[in-house]
2 protein chains.
Amino acid sequence: MSAAIKLGDEELTQRQQDVLDIALSLLVEVGDKLTMTGVARRARCSKESLYKWFGDRDGLLTAIVQWQAAKVRPVPLGPQRMSIEALQANLERFAYDWLKVISGDISVALNRLAITHAGPLSNLGHTVLTNGRFAVGKRLKPLLKAGRGAGLLRFDDEEEAFRTFFGLVLRDVQIRLLLGDEFELSDQDVIRDAKRATEQFLKLYGA
Amino acid sequence: MSAAIKLGDEELTQRQQDVLDIALSLLVEVGDKLTMTGVARRARCSKESLYKWFGDRDGLLTAIVQWQAAKVRPVPLGPQRMSIEALQANLERFAYDWLKVISGDISVALNRLAITHAGPLSNLGHTVLTNGRFAVGKRLKPLLKAGRGAGLLRFDDEEEAFRTFFGLVLRDVQIRLLLGDEFELSDQDVIRDAKRATEQFLKLYGA
DNA sequence: AAGGAACCGTACCGTACGGTTCGGTAAATG
DNA sequence: CATTTACCGAACCGTACGGTACGGTTCCTT
């Protein structure tokens, strides 16, 4: 019995996890032209195994998305004593990590995939939203509330505050990348953007 | 000879324009499952005509995007005397129109289409970016510069200022809609969002 | 009225790909 | 050793769809 990792209701053997990683890398390369035969060839497994493990093509795509989502473990921001410096540093770190993820090849590929198959039928979009936009909100809100509790921030609706932070951090970056605009975003740029977004957010919501 | 409208290097007869409108409405319904046979049936034309007019499927999709883009004529903001009230009103109107377009079915469908076919091969993404994100920037920047010229705004880089406005207005709306999150956005919401984004922008960049 | 251009409707072709089946193999199980 | 399990590789099937061909119709021009 191999080491099994739970994913949703299922368990994944090591072999299956490896196949999903390979499928993900192939997805980044070829986008929505990902084919079952292609995955089987790249992963050196049979199509029969793919169908046995994941049901059908949609099941494989869902598994890829969920598998990637499961790998993104939230870095717990320790409930340190909240000073303005700590708040600012945490916000900057948050913005930096987030921008890095969003501008990465994997994020672009998965979001494209989910958008392509968006609709009432597929739940890929829902999965991506849950593990992206909403997961980030869930992680950021405690920080915002702590800041408010310490008298450093002022806002009525934490959801509104979070969405503003969202806009200030990502701006047009995600949509441009999704549409294929190949624009450079160096590590220095990301650092600068994270600082700027944090400053602007504090100017808007600072007490 | 029918009335011909220039689109790129080509001219479009009335019949072809009608077909493109029908194809666009069908695209909104079925998304990327748009098929040549389906367009021909809905438009009551032959596939042969579609291929004669648009070359191939990609040509049809490109024509749809360009045709819609050609319909969006920029509403010239008259160069009135720039007061803080006029600036604020113009920004609000800008944000309102923009948010309305982005949250509309047509915009969602076209952006999904372009994202699906994004890559070095297709220029759909480029077309959408040019007629969306960049066209808006081109229209907004004169207003921003006028505001700065009148001593109402303060910024070094107009591109940066515009991108911040972008983020404050759209926030997470576009990506959520693209991913299939069906969330209500009433006209009252749009009005409120436009006001809020404008206030925040003025707080950040007001002199 | 005659001729032709444009077009409709439909049948048809080729191919790509999702999904299935099957023979063969290696490792666990007893 | 015999059996089961899991898997690989490859051949195969069905279908959807992009693209083409062609006969028939409408309409415009001369």
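Order of the sequence lines sets the chain letters (A, B, ...), proteins ahead of strands, with each chain counted from 1. Values reported hereafter were calculated over all heavy atoms of this structure, with side chains retained and with hydrogens, waters and symmetry mates removed.
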#### Entry: Protein-nucleotide distance (B/Asp18, atom CG; C/dC8, atom C1'), rounded to Å
16 Å
### Query
Any Lys/Arg nitrogen of A/Lys141 or A/Glu158 sitting under 4.0 Å from an Asp/Glu carboxylate oxygen of the other?
no
### Query
How long is the line joining OH of B/Tyr51 and P of D/dT20, in whole Å?
7 Å
### Task
Report yes if a side-chain nitrogen or oxygen of B/Thr35 is closer than 4.0 Å to either non-bridging phosphate oxygen (OP1 or OP2) of D/dG18; otherwise report no.
yes
### Message
By the definition side chain to side chain contact (heavy atoms under 4.5 Å, CB included), identify the one residue from A/Phe201, A/Phe165, A/Tyr205 that meets it with A/Leu144.
### Response
A/Phe201
### Query
Starting at CZ of B/Arg15 and ending at P of D/dC27, how long is that distance when rounded to a whole Å?
13 Å
### Below 4.0 Å: OP1/OP2 of C/dT10 and any side-chain N or O of B/Ser46
no
#### Entry: Rounded distance (Å) that lies between atom C1' of C/dA6 and atom NZ of B/Lys52
6 Å
### Query
Judged by modelled atom types alone, do B/Gln200 and B/Arg196 share a side-chain donor-acceptor pair under 3.5 Å?
yes
### Value in whole Å for how far the P atom of D/dG18 lies from CG of B/Leu60
10 Å
### Task
Return the value, rounded to whole Å, for the distance between atom CG of B/Leu61 and atom C1' of D/dG19.
15 Å
### Task
Walk me through it: do B/Leu60 and B/Val39 pass the test side chain to side chain contact (heavy atoms under 4.5 Å, CB included)?
CA-CA 10 Å; B/Leu60 173 63; B/Val39 172; 4.2 Å; yes
### Task
Find the distance A/Lys33:NZ to C/dG18:P and express it as a whole number of Å.
13 Å
### Task
Nearest whole angstrom, please: distance from the P of D/dC17 to the CG of B/Asp56.
17 Å
### Query
Should B/Arg57 be listed as having a side-chain N or O under 4.0 Å from OP1 or OP2 of D/dA16?
no
### Query
For B/Trp53 and C/dA6, is the shortest distance between a side-chain N/O and OP1 or OP2 below 4.0 Å?
no
### Task
Give a yes or no on whether a donor-acceptor pair under 3.5 Å exists between the nucleobase atoms of C/dC7, that is its base, and the side chain of B/Glu48.
no
### Task
Between B/Met36 and A/Ser49, just flag the one whose closest nucleotide in DNA chain D comes earlier from the 5' side.
A/Ser49
### Short side-chain N/O contact to C/dT10 OP1/OP2 from B/Arg44, under 4.0 Å
no
### Query
Considering only heavy atoms and no angle criterion, is a donor-acceptor pair shorter than 3.5 Å present between the side chain of B/Lys47 and the base of D/dG19?
yes
### Query
With a 4.0 Å cut-off, would you call A/Asp157 and A/Arg163 a salt bridge?
no
### Query
Any side-chain N or O of A/Arg41 less than 4.0 Å from the OP1 or OP2 oxygen of D/dA10?
no
